[in-house]
Structure formats: structure tokens, C-alpha cells
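Beneath this line is the structure, given in C-alpha cells, with notes to follow.
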Amino acid sequence: MTRASALVRRSSDAPIVDVISDPGNGQISDDPRTRFGRRHPLICFSALPAAASFLSLWYSPPPINRRPF
């Protein structure tokens with residue numbers, strides 16, 4: 001497999017997964033009926049994982065090899 005065909009393959013995987021997962025995610029988002037509304041609890045609960053993933057972008061693990069380059 002050439003590098004270009006691998007890139008095309010990887011870029012076509014995301015829309016396929018999106019088509020499969022969107023109806024389920026929409027159903028999960030539409031079902032809860034709380035006094036705060038349908039989607040407000042989901043937005044509040046997703047804030048912590050979103051913040052953690054954003055912060056993890058800026059903190060890399062320490063190098064395995066401690067020798068300077």
C-alpha cells in the first residue's frame with residue numbers, strides 16, 4: 001500500500017464511522033428529560049473530559065531517555 005492510498009483510506013474512515021455513530025449519539029442526546037433540560041447535563045458532564053484532553057495537549061510525558069540530544 002502506498003503512502004497516498006493509505007492517506008486516502010484513513011481520510012475516508014472518519015465519515016463512515018460518523019455515519020454509523022451519529023444516530024446513536026442523537027438518540028442519547030434526545031432521551032434525557034431533566035429539570036435542567038435535555039442537553040444541559042450532557043454539556044456540563046462533558047466539560048471536565050474536554051478540559052482534561054485540552055490540557056493534555058500541552059503536557060507531554062517526560063522523555064524515556066534522559067541523555068541530552
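Computed over heavy atoms, backbone and side chain alike; hydrogens, waters and symmetry mates excluded.
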Q: Of all the heavy-atom pairs spanning Ser53 and Ala50, show the shortest one and how long it is.
A: OG-O, 2.9 Å
Q: Give the minimum heavy-atom separation between Leu42 and Ile28, together with the two atoms involved.
A: CD1-O, 4.2 Å
Q: Determine yes or no for a side-chain-to-main-chain donor-acceptor pair under 3.5 angstrom, with Ser29 supplying the side chain and Asn25 the backbone.
A: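 Checked: no pair found.
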Q) If you look only at pairs with a residue in residues 37-64, which of them pass as a salt bridge (Lys or Arg N to Asp or Glu O under 4.0 Å), with sequence neighbours excluded? A)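 Listed once each, the pairs are Asp30-Arg38, Asp30-Arg39.
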